[in-house]
Amino acid sequence: MKEWLRFSVCYWHTFRGTGADMFGSSTIRRPWEDGTESVENAEHRMRVAFEFMKRLGVEYYTFHDRDVAPEGETLSESNANLDRVVAVAHELQKETGIKLLWGTANLFSHPRYMNGAATNPSLDVFAYAAAQVKKAIEVTHLLGGENYVFWGGREGYQSILNTNIKSELDHLAAFFRLAIDHKTKIGFHGQFLIEPKPREPTKHQYDYDAQTVIGFLKTYDLDKHFKLNIEPNHTTLAGHDYEHDIEVSSRYGFLGSVDSNTGDTMLGWDTDQFPMDVKKATLVMKAVVRQGGIAPGGLNFDSKVRRESTDVEDMFISHIGAMDTFARGLINAVNLIEKGTLENLVKERYESWSTPLGVNIEKGLSSFEELEKYSLEKGEPKLISGKQEKFELLFNSLIK
């Protein structure tokens with residue numbers, strides 16, 4: 001099952017999360033933390049992280065550059081800090097066999113990025129972001145990372161009045177081309193991934209959802225170089241069903257990895273909860289199985305324990321519960337596909353498109369005149385039930 005599931009622990013929530021939210025301060029105190037932002041504390045934290053992952057039995061992890069090493073006063077100091085902690089991670093990977101699923105750069109926390117990184121009106125900020133991403137790609141390559149993720153938390157706008165959207169998107173595309181060039185130059189063969197999100201912290205993010213990102217990539221002729229890292233909590237923030245962006249990106253050949261989490265429908269922000277809904281996990285795994293797997297991507301638990309879950313034990317329980325959920329989802333997905341009941345009913349709904357006229361329409365060989373003649377001869381189309389309730393009943397009957 002591990003070949004299909006490829007679970008990953010995310011560093012930022014699991015080892016940097018403190019339980020703080022916009023209404024309250026930290027509630028979580030980890031016994032291995034000394035309360036400083038020193039490199040020494042970061043190195044110790046990395047050793048604790050690998051011990052946790054080893055005990056959990058997870059073979060992959062993910063990180064932002066600033067999760068694992070403190071930011072320095074200068075770019076050179078930040079790079080040196082990162083090199084020291086990455087050296088520890090490199091040795092621990094050799095000792096444990098745990099691998100890096102993907103790395104990324106934090107281009108959203110520091111005040112310099114308040115107006116964006118690659119889409120910032122300031123060339124100086126664009127250049128600084130490029131330097132930071134250059135280093136992040138290089139350390140990902142050094143650690144044998146199988147992917148590299150771009151998430152544009154500040155790539156968007158708060159007001160259209162002070163924003164040139166076309167200019168910002170042109171610059172974002174230019175930034176990605178520079179990343180592609182550097183990837184080729186250093187011989188990094190990992191998959192580049194973009195992670196869509198509609199808002200938060202920016203009011204409107206340019207990577208709104210899967211369809212928006214695919215459209216952007218095709219517009220700027222970047223679609224051969226990128227796939228998508230889908231986070232379902234972001235999908236629901238965009239007003240879609242949990243599985244929508246998984247399905248869309250998979251159907252169009254863009255599903256590269258999944259940040260496996262969920263949100264709370266009663267809350268209007270990205271709550272990053274551990275996924276415990278077997279039905280939702282089944283729909284995700286159905287797409288993964290249908291496309292033949294998700295490698296070199298994986299199922300990364302971009303999830304955090306609740307503010308009230310303060311015990312170290314809760315770190316284990318939450319990951320184990322989520323892994324169990326997706327394991328059951330995989331079993332259900334295979335059962336759904338092998339039985340073929342739902343797929344056959346879907347095919348029946350679209351069977352008219354397998355007629356000669358339907359085939360010609362799909363091939364671009366028909367015309368409005370032909371369809372007008374067809375409709376005049378056939379008359380008013382029959383109402384055909386969508387049978388939604390039947391599909392839901394059958395889906396429930398196949399879920400374990």
Note: Arg84-Glu43 ion pair, threshold 4.0 Å (strictly below)
yes

Kindly work out whether a path of hydrophobic side-chain contacts (I/L/V/M/F/W/Y, heavy atoms less than 4.5 Å apart) joins Tyr220 to Phe126.
yes

Working for side-chain contact (heavy atoms from CB on, under 4.5 Å), residues Phe216 and Leu169:
CA-CA 9 Å; Phe216 167 84; Leu169 287 171; 4.1 Å; yes

Hphob cluster co-occupancy, Ile194 + Ile180, side-chain heavy atoms under 4.5 angstrom:
yes

Does the Lys NZ or Arg CZ of Lys183 fall within the cation-pi geometry relative to Phe192 - under 6.0 Å from the ring centre and within 45° of the axis?
yes

Got more than 12 heavy atoms from elsewhere within 6.0 Å of NZ, Lys135?
yes

Could you walk me through whether Glu247 and Arg251 pass salt bridge (Lys or Arg N to Asp or Glu O under 4.0 Å), step by step?
CA-CA 6 Å; Glu247 186 72 12; Arg251 290 290 186 180; 2.8 Å; yes

With ring pair (Phe, Tyr, Trp, His ring centres under 6.0 Å) as the criterion, how do Tyr11 and His64 come out once you've worked through the C-alpha distance, each side chain's angles and the decisive distance to 0.1 Å?
CA-CA 8 Å; Tyr11 205 89; His64 299 84; over 10 Å; no

In plain terms, say whether Lys197 and Asp270 are close enough for a salt bridge, that is, a side-chain N and a carboxylate O under 4.0 Å apart.
yes

Exceeds 12 heavy-atom contacts within 6.0 angstrom, atom NZ of Lys99:
yes

Same apolar cluster: Leu394 and Ile399, side chain cutoff 4.5 Å
yes

Which atom of Leu357 lies closest to which atom of Ser366, heavy atoms considered:
CD1-OG, 4.0 Å

Could you go through Phe52 and Phe15, starting from their C-alpha distance and side-chain angles, then the distance that decides it, and tell me whether this counts as ring pair (Phe, Tyr, Trp, His ring centres under 6.0 Å)?
CA-CA 10 Å; Phe52 171 79; Phe15 298 102; 5.6 Å; yes

Please tell me if the side chains of Thr202 and Glu155 come closer than 4.5 Å, counting only heavy atoms from C-beta onward.
no

Do His182 and Glu138 meet the criterion of a side-chain donor-acceptor pair at a distance under 3.5 Å?
yes

Any chance you could measure His171, atom NE2, to Leu123, atom CG, to the nearest 0.5 Å?
8.5 Å

So if you build clusters from Ile, Leu, Val, Met, Phe, Trp, Tyr with side-chain heavy-atom gaps below 4.5 Å, do Phe176 and Trp151 land together?
no

Are more than 12 heavy atoms, taken from residues, nucleotides or ligands other than Tyr252, located less than 6.0 Å from that residue's OH atom?
no

So, do Ser260 and Asp302 sit near enough that their side-chain heavy atoms are less than 4.5 Å apart?
no

Neighbour count above 12 (heavy atom, 6.0 Å) for Trp32 CH2:
yes

Salt bridge or not between Lys373 and Glu369? Use side-chain N to carboxylate O under 4.0 Å.
no

Nearest 0.5 Å please: distance from the CE atom of Met46 over to the CG atom of Asp67.
9.0 Å

Between Leu255 and Asp245, is any pair of side-chain heavy atoms under 4.5 Å apart?
no

Close aromatic pair by centroid cut-off 6.0 Å: Phe188 and Tyr148:
no

His110 and side chain to side chain contact (heavy atoms under 4.5 Å, CB included): which single residue from Glu71, Arg154, Gln132, Arg66 fits?
Glu71

Please determine if Asp314 and Arg306 form a salt bridge, counting it only when a charged side-chain N lies under 4.0 Å from a carboxylate O.
no

Would you mind reporting whether Asn233 and Thr262 have side-chain heavy atoms less than 4.5 Å apart?
no

If you define the side chain from C-beta out and look only at heavy atoms, does anything of Leu228 sit under 4.5 Å from Glu195?
no

Is any side-chain heavy atom of Val284 less than 4.5 Å from a side-chain heavy atom of Lys280?
no

Check whether more than 12 heavy atoms from other residues, nucleotides or ligands sit under 6.0 Å from atom CG of Asn396, and answer yes or no.
yes

Is the CD atom of Glu392 crowded by more than 12 outside heavy atoms at less than 6.0 Å?
yes

Under 6.0 Å between ring centres: does that hold for Phe391 and Phe395?
no

Between Tyr60 and Leu100 the two heavy atoms that sit nearest each other are CD2-C, 4.2 Å

Should Asn229 and Trp102 count as side-chain neighbours, where that means a heavy-atom distance under 4.5 Å?
yes

Give the cluster check for Phe7 versus Met285: same hydrophobic cluster or not, with ILVMFWY residues linked at side-chain heavy-atom distances below 4.5 Å.
yes

Of Val68, Asn300, Leu143, which is the lone residue that meets side chain to side chain contact (heavy atoms under 4.5 Å, CB included) with Tyr61?
Leu143

Any donor-acceptor N/O pair, Gln291 side chain to Gly293 backbone, under 3.5 Å
yes

Counting only heavy atoms not in Met114, do more than 12 sit closer than 6.0 Å to its CE atom?
no

Determine the interplanar angle of the Phe301 and Phe274 rings, folded into 0 to 90°, and report it as parallel if under 30°, tilted if 30 to 60°, perpendicular if over 60°.
tilted

For the residue pair Asp277 and Thr325, establish whether any side-chain heavy-atom pair is separated by less than 4.5 Å.
no

Run the salt-bridge test on Asp181 and Arg177 with the 4.0 Å N-O cut-off and return the result as yes or no.
no

Are side-chain N/O atoms of Asn120 and Asn115 paired as donor and acceptor at under 3.5 Å?
no

For Met266, does the CE atom have more than 12 heavy-atom neighbours from other residues, nucleotides or ligands under 6.0 Å away?
no

Return the minimal non-hydrogen interatomic distance between Ala105 and Asp65, and the atom names on each side.
CA-OD1, 3.5 Å

Cut-off 3.5 Å, side chains only: do Ser38 and Asn41 have a donor facing an acceptor?
no

Strictly distance-based, threshold 3.5 Å: is any side-chain N or O of Arg29 a donor or acceptor partner for the main-chain N or O of Ser26?
yes

Flag this pair as yes if the NZ/CZ of Lys227 is under 6.0 angstrom from the six-membered ring centre of Phe254 and inside a 45 degree cone about the axis; otherwise no.
no

